[in-house]
Each structure stands twice: as C-alpha cells, then as structure tokens.
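Below is one structure, written out as structure tokens, with a few remarks after it.
Naming convention: chains lettered A, B, ... in sequence-line order (proteins, then strands); numbering from 1 in each chain. Just so it is clear, the values below take in all heavy atoms, side chains as well, and ignore hydrogens, waters and symmetry mates.
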Protein chains: 2
Amino acid sequence: MTEEELMLQQLFDEDKLTDKQKKIIVAAIETFSEKGYAASSTSEIAKKAGVAEGTIFRHYKTKKELLVSIVAPLMTKFIAPLVVKDFNKVLDREFETVEDFLKATIENRRDLLIRMLPVVKIMFQEIPFQPELREQFFELVVENIFDRVEKVIVGYQEKGQLIDMPPKSIARLTITNILGFLISRYVLFPHLDWDDELEIERTIQFIMHGVGKKN
Amino acid sequence: MTEEELMLQQLFDEDKLTDKQKKIIVAAIETFSEKGYAASSTSEIAKKAGVAEGTIFRHYKTKKELLVSIVAPLMTKFIAPLVVKDFNKVLDREFETVEDFLKATIENRRDLLIRMLPVVKIMFQEIPFQPELREQFFELVVENIFDRVEKVIVGYQEKGQLIDMPPKSIARLTITNILGFLISRYVLFPHLDWDDELEIERTIQFIMHGVGKKN
DNA sequence: CTCTGAAATGAGTGATTACTCACTCCGATT
DNA sequence: AATCGGAGTGAGTAATCACTCATTTCAGAG
C-alpha cells in the first residue's frame, strides 16, 4: 500500500469504497491540485484514474459533488482531530510551556501535513469560490476549533505565559504564521533551500517573542 | 491628482487605452476575482464590459494574455514602489522605530491595498497555476524586494531594534503576517466584525513582541 | 465632402465541457 | 438456474468554450 493510499484511508476509509472509486479520488486530488478545480475536466480525471467517464458520475452526481466529497472529510475528520487531540494533552498539563506545545504539534504532524498538502491546497483554493465549502469551513474551523483554541489560550494566559490580547486575535495570528510557513515552504517557493527544522524553530520563536529586541 | 489615481494610471493608463479597453480590464478584474480565472468565460467578460467578444481578442491574443496584462503591471509597477518608496524614508531615518515604520506603511496604504485587493486576489490565486506569473513574481518580489527589505532589516538590527534572526526569515514572517491579516479580513471572513485599526495595531504588536509574556 | 486605417463587431468555427443513458458485467440470493 | 441490483461502460448530447474573420463603424486627415 502506497503512502498516498494510507493517507486516503485515514480520510475515506469509513465507507467501503471500490478500487475504482479510490482511483477516482486519487486522480481527482492530483488533478485538482495541479490545475485547479475549474481547469480540471472530468474526462481527464477519468483517464488518469483508468476509468470510464460515466463511472465518475455513477458515484458523484456532479463535478462539484466530487470536489466537496474530497475536501469535506478533510475538514471534519482531519483538521478537527489534528488540533483537538493534542489540545487535550495541553489541558491535561502535559506541556508546561506554549513553546513545547507548539513545537510538539507542528513537529508531530508535519509529515502528515505535507502529505495532505494537495488536499489542503485544493481546500484553500476553492474556499473563496465555493459557498458550500466556505460555510462548512466557517462552521467547523471558526466556530468549532476557534472555541477550543480560545480555551487553551485562556488557560495559558491564566498561567501567565501569554499576553492579554483577545484569544481570537492570538489564535488568528498563530494560525496565520503556521499556514504562512507551510504555504511559503511548499506552495510558493518549494524550490528554495529550506532548513525546515530551523525555520519551524524560528516561526515558533517569532510567535512567542516577535522580532523586537527586548530591553 | 491623488496618489492613488496616479497608481492606477501607472497600472493601466500607460499606453493610451480606448474606453472599451478600459471597460474590458475592469470587467475582467471583476470576473476573475469573483469566479477565478479558469471559471471566467471571455463571453461573460465581454457582456459585462458591454463589448463584443471579438473586441477582447483584438487587444489580447489569448485569454491568458488578458490575465497576464492585468496582473503583471501590478507586480512591476505597484508592489515594488509600494514597498520601496517608504523604505527610502526609513533609510533617511524618518522613522525612529520599526513600529512607527510598520504602522505608517500599513495605515498609509491600507485603502489602496483594499482597492487593489481584487487584483491581488487574482494574483495569488493564479500564481500556483501560471508558471509565467510565478516566475515573474519570484524574480521581482523575492530577488528584488527581498534584497531591499533585507537592507532595511539589517539597518534596524544595527540600531539594536531587531533580533539577530536572518533578515530573510524576518522578512518572510513580517510579510506573512501583513498578508495573513488582509486575507483573513477581506477574503476569508469579510462578514465578521472587525475593528481594523485595533487589529492592525495588534498585528504590529505581534510582529514586534510576539504573544509570549515577558518576565 | 472623400479617403484611410484602426476599432469594433457578431456570426461562425471546431474543440471541449459536464453530464446522460441504454447497456453489459458479475457476484450474491433464492 | 434464474433473478437481481449495483458497478462499470462508452457512445452520445446540448451547451459552452476560446478564438477567427469578413464586414461594418467611426474618427481624423486632406
């Protein structure tokens, strides 16, 4: 079983999928990620999947339904657990400092995040144009995850490790920097020389201490 | 003539454009920004511009040339001056602190950036898929602007106002946060309540001092 | 006014699009 | 063996796509 199929298992294993269905999903992810949703034709996806074009429409009523069926599980089954799981550890005081928590979270999940990147890329590419996705993203990420993130932040604030800024702003700024690193690293400038460990360290340092020199 | 009108003129008025040409550009920006490049049809753009479809292809050989002719000037004539202009002030010691410089830059240009946002949105949407744009973006922004940004950063480092992190990383992190704010504010969650002044203040505070509490 | 060349037109092109449907295939059930 | 239902097929559909081109419109020069 290839690495990619493993990733798909985590995402789509719940329902029993036939071989052809899996191949369609793999081909769709690859095509959408490379060319964008609108520029990808169902005939090309079918060809890449080694499947008749009609087979796609047996399982997905429309092309958009294929897109949603790929991106939606990412939001409900991947992002939420990704964040929430380690948050419980934080709430259990397994991490003394925010740095440790951030480092553990990013380091632990980095390989997984890299592997999910094609789908993540599709997600952020299409959110501005697909109201269905935007709504789902908003409900899950903003209202659901931000609530939990806020609690963690408040916890660290009470421990005196975080400044008194509103938790929503802290969450926005922190997530921005993690995503900003990933997008710079793997989407915009993947061909530059990157010392990943070091740059993650710097990103965490930046989140915690900024770039201003303390006096 | 205001600074902004000058900018827009520099963007699209350099060559004498007919009324219809201007209408095509405006309609194209609006359509590309709303639906994405691939999902926008030339017939729709023509209709929105009040122009025959053939008129588009009289001035732009292909649809892609229309895209490039919109985005390319933004990179060569807008982004560079936007950044560079105030940098000269910094180099002239007009701003004593990094905070003042960041605040002045963001505040001064915010309205302009908001108005340019449709084009900026198109730019970042299409960079992953258009090698031509990516190459141009890389050459201009990374090699050209980053070089200048580095000098400014080094200057502030020598004044003891910035930590000893490599200038490239500082630049990446700073730009990430400014763009992250704009994308959150105007692309992902424009419908949320935002106190812009306050959130810009927080973003600057974050860039300078992070979220860790000093002891 | 006429002449001229660029600007603009819109019907028309073949290719491609998302999607349909009558059909075959095949393993499980009775 | 007969039946059945879902999986898969691929030729076919109307619509739309980017793009072309012969023709018309129009503004300025003589």
Side-chain angles (χ1 to χ4, degrees), chain A residues 5 8 12-72 122 125-126 129-133, chain B residues 12-72 122 125-126 129-133:
Chain A
E5 279 164 349
L8 287 177
F12 306 107
D13 201 53
E14 193 176 348
D15 315 310
K16 303 171 200 167
L17 298 181
T18 65
D19 265 3
K20 305 240 169 186
Q21 280 177 305
K22 290 176 189 169
K23 281 180 184 171
I24 289 172
I25 290 175
V26 171
I29 290 175
E30 191 179 326
T31 312
F32 287 160
S33 183
E34 276 175 11
K35 317 178 71 172
Y37 167 74
S40 303
S41 70
T42 50
S43 69
E44 186 187 352
I45 294 170
K47 199 176 172 185
K48 188 174 281 182
V51 148
E53 200 174 349
T55 309
I56 292 178
F57 291 96
R58 174 145 306 271
H59 300 288
Y60 308 95
K61 270 181 283 185
T62 64
K63 184 186 165 191
K64 186 176 289 184
E65 192 179 300
L66 174 60
L67 169 72
V68 172
S69 78
I70 286 172
V71 177
I122 296 170
Q125 281 287 339
E126 292 308 317
F129 304 124
Q130 309 290 346
E132 194 175 349
L133 288 183
Chain B
F12 302 114
D13 264 16
E14 188 182 4
D15 313 312
K16 300 169 198 167
L17 299 180
T18 66
D19 266 2
K20 306 241 171 188
Q21 280 177 307
K22 290 176 190 169
K23 282 180 184 172
I24 289 172
I25 289 176
V26 170
I29 289 175
E30 191 179 328
T31 312
F32 287 161
S33 183
E34 276 174 11
K35 316 178 68 171
Y37 167 75
S40 302
S41 70
T42 50
S43 69
E44 186 187 352
I45 294 171
K47 199 175 171 185
K48 187 174 281 182
V51 148
E53 199 173 349
T55 308
I56 292 178
F57 291 96
R58 175 144 306 270
H59 300 289
Y60 308 95
K61 270 180 284 185
T62 64
K63 182 186 166 191
K64 185 175 288 184
E65 192 178 299
L66 174 60
L67 169 72
V68 172
S69 80
I70 287 173
V71 177
I122 296 171
Q125 280 288 339
E126 291 309 317
F129 304 124
Q130 310 290 346
E132 193 176 347
L133 289 183

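When side chains are defined from C-beta on, A/T62 does not count as touching A/L67, because their heavy atoms never get closer than 4.5 Å.
In this structure, B/K22 atom NZ and C/dA7 atom C1' are separated by 15 Å, rounded to whole Å. Counting to the nearest Å, the P atom of C/dT20 and the OH atom of A/Y60 are 16 Å from each other. We find that NZ of B/K64 is positioned 15 Å from C1' of D/dC19, with the value rounded to whole Å. Residue B/Q21 contributes atom CD, which lies 9 Å from atom C1' of C/dA7 at whole-angstrom precision. The distance from atom CG of B/D19 to atom P of D/dC26 is 14 Å, rounded to the nearest whole Å. In this structure, B/E44 atom CD and D/dT16 atom P are separated by 12 Å, rounded to whole Å. Computed from coordinates, the B/K23 NZ to C/dA7 P distance equals 17 Å when rounded to whole Å. Atom pair A/F57:CZ and C/dC23:P shows a separation of 22 Å (rounding to whole Å applied).
Under the 6.0 Å distance and 45° angle rule, B/K63 counts as a cation-pi partner of B/Y37.
Using a 4.0 Å heavy-atom distance criterion, A/T55 is classed as a base contact.
Listed pair A/K61 / C/dT20 fails the phosphate criterion, with no side-chain N or O lying under 4.0 Å from OP1 or OP2. The phosphate of C/dA8 (OP1 or OP2) has a side-chain N or O of B/H59 nearer than 4.0 angstrom. Between B/K20 and C/dA8 there is no side-chain N or O to OP1 or OP2 distance below 4.0 Å.
Here B/F129 contributes atom CZ and B/K64 contributes atom NZ; the two are 12.0 Å apart, rounded to the nearest 0.5 Å.
Taking the side chain of A/T42 as heavy atoms from C-beta on, and the options D/dA18, D/dG8, C/dA18, the nearest nucleotide is C/dA18. Picking from D/dG8, D/dT9, D/dA18 the nucleotide with the shortest atom distance to the side chain of B/E53 gives D/dA18. Among C/dC19, D/dC19, D/dC17, the nucleotide with an atom closest to any side-chain atom of B/S41 is D/dC17. Nearest to the side-chain atoms of A/K63 among the listed nucleotides D/dT9, C/dC19, D/dC19 stands C/dC19.
The number of heavy-atom neighbours closer than 6.0 Å to NZ of B/K48, taken from other residues, nucleotides and ligands shown, is above 12.
For the residue pair B/T42 / B/E53, a side-chain donor-acceptor distance below 3.5 Å is found, with atom types taken as modelled.
Residue B/T62 is the one, among B/R58 and B/T62, whose nearest nucleotide of DNA chain D lies closer to the 5' end (criterion: closest heavy atom).
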